Amino acid sequence: MANYIVLGAQWGDEGKGKIVDLIAGYMDMVVRFQGGANAGHTVIINDDEYVLHLIPGGIVSGKAVNIIGNGCVVDPLIFDKERRYLKDKGIPVAPDKLIVSDQAHIVTPMHRHLDKIMNKKIGTTGRGIGPAYVDKVQRTGIRAGDILNGAYEQIFNEQIRYYQRMSECIFEEPFIDINEIKTQFATAADKIKPFIADTVNVIAEAAVRHQNILYEGAQGTMLDVDHGSYPFVTSSSTTIGGAFTGSGVFMDFDKRIGVVKAYTTRVGEGPFPTELHDTTGEQLRKNGHEFGATTGRPRRCGWLDLKALKRSFINNGFNYISLSKISCLSGFDQVKAAVDYDAAGKPVYETFDGWQQPIEGLKKEEDLPGNARAYIDFIESYLKVPVGMISTGPARDHIIIRDFLW
Ligand code: IMO
Ligand code: MG
């Protein structure tokens with residue numbers, strides 16, 4: 001039996017999808033516990049690419065039972081769309097492999113509409129995440145269980161009244177076509193019904209049976225509503241505490257895996273001390289194909305920020321690092337990592353000699369250029385946590401494994 005959690009240690013897009021897929025092949029259950037369709041988890045198997053937003057990454061391997069926990073916000077329309085997308089790619093998504101918590105909150109078209117008109121400053125994904133969590137905390141939300149017992153329609157209509165006024169009177173924006181959205185939503189709500197259940201019991205029973213359980217984080221630590229760069233954050237707890245409230249089950253994780261990208265990226269607005277506005281930043285974007293999986297936006301790029309990561313490691317108690325996209329650093333004369341900030345808040349860098357050799361696809365540590373190894377050694381010694389896996393490319397087998405998890 002093994003219980004693992006995979007969390008993004010930076011601002012999301014660390015490469016969690018690949019690691020989740022790798023581990024999920026050996027897992028009985030994969031649990032998502034926060035966020036919604038704002039995630040963009042890319043899994044590449046042979047020549048096939050799967051981009052998942054809402055459904056847990058364990059669905060691709062086909063073995064695990066996947067849970068969308070109570071801490072998530074679920075958009076029935078996107079749920080249905082993603083299910084059809086997977087079906088078209090030959091991956092069946094049936095209730096024996098995917099269960100949605102009856103306590104999870106529902107994202108409605110009104111949430112998506114408001115998100116788009118009110119959160120421009122933050123640069124959200126526009127998926128209605130913030131407004132859905134607002135309704136949850138405000139106690140005016142719809143829960144998946146309300147769809148099962150039919151209670152949702154009344155709340156849905158109340159939301160329409162409220163959001164229509166918000167849209168027209170406060171933001172002076174035309175509202176969405178209500179009749180159309182009502183029918184669309186009702187159809188999608190009907191389709192999600194067979195997937196809804198009490199997931200707390202399902203997870204607890206799997207734990208009692210000593211099954212292998214993986215918790216899959218979305219977004220990253222620095223986007224956490226409490227611990228991230230507020231207000232430029234997402235609206236959920238992306239750190240380890242979110243795993244407990246968002247699943248309703250305590251797990252004594254054997255490995256708390258922090259996924260760390262070998263440099264830093266961020267989509268949307270907000271502080272980013274090591275951001276590069278020059279050709280080096282452009283080169284990083286090009287090497288790493290840094291364009292959002294959910295919105296297609298170009299990601300802001302910069303050097304690794306170890307100082308910020310230190311805090312992220314305190315937040316999560318990581319005891320295993322999965323280092324990703326090291327292959328995207330080939331070709332630079334120098335590679336830098338921030339180890340502190342000066343009095344003005346500017347990063348203080350440690351500079352490393354770069355390496356020219358391509359790393360993509362390497363499977364053996366001995367094959368890594370010496371300078372890349374020195375960079376990895378430094379990361380380990382600074383964060384005082386071992387690097388257990390080094391991802392060397394997008395494919396499943398582009399990986400150097402030092403500490404096996406299965
Ligand atoms: P994965 O799981 C990167 C960012 C958005 C925005 C802020 C708030 O692929 O790592 P939201 O729509 O959540 O209210 O937007 O958070 N953001 C992400 N950035 N990766 C993600 O997910 C993200 N999910 C949200 O760009 O700045
Ligand atoms: Mg992403």
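In listed order, ligands and their atoms are each counted from 1. Just so you know, these numbers come straight off a predicted model, no measurement behind them.
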Exercise. For this output row, return yes or no: ring centroids of Phe79 and Phe195 closer than 6.0 angstrom.
Key: yes
Quiz item: Does the pair Asp75/Arg112 count as a salt bridge with the N-to-O cut at 4.0 Å?
Solution: yes
Quiz item: Which parts of the protein, at residue level, reach under 4.0 Å of ligand 1 through a heavy atom?
Solution: Trp11, Gly12, Asp13, Lys16, Asn38, Ala39, Gly40, His41, Ile122, Gly123, Thr124, Thr125, Ala218, Gln219, Leu223, Val233, Thr234, Val267, Gly268, Arg297
Quiz item: Is it the case that Asn157 and Tyr152 place a side-chain donor and acceptor less than 3.5 Å from each other?
Solution: no
Practice problem: Specify which N/O/S atom of Asp13 comes nearest to the Mg ion (ligand 2), by atom name. | Solution: OD1
Exercise. For ring pair (Phe, Tyr, Trp, His ring centres under 6.0 Å), just list the numbers for Tyr50 and His41, CA-CA rounded to whole Å, side-chain angles, deciding distance to a tenth of an Å, and then say yes or no.
Key: CA-CA 8 Å; Tyr50 305 85; His41 296 172; over 10 Å; no
Exercise. Check whether more than 12 heavy atoms from other residues, nucleotides or ligands sit under 6.0 Å from atom CZ of Arg165, and answer yes or no.
Key: no
Quiz item: Is it the case that more than 12 heavy atoms not belonging to Tyr162 sit under 6.0 Å from its OH atom?
Solution: no
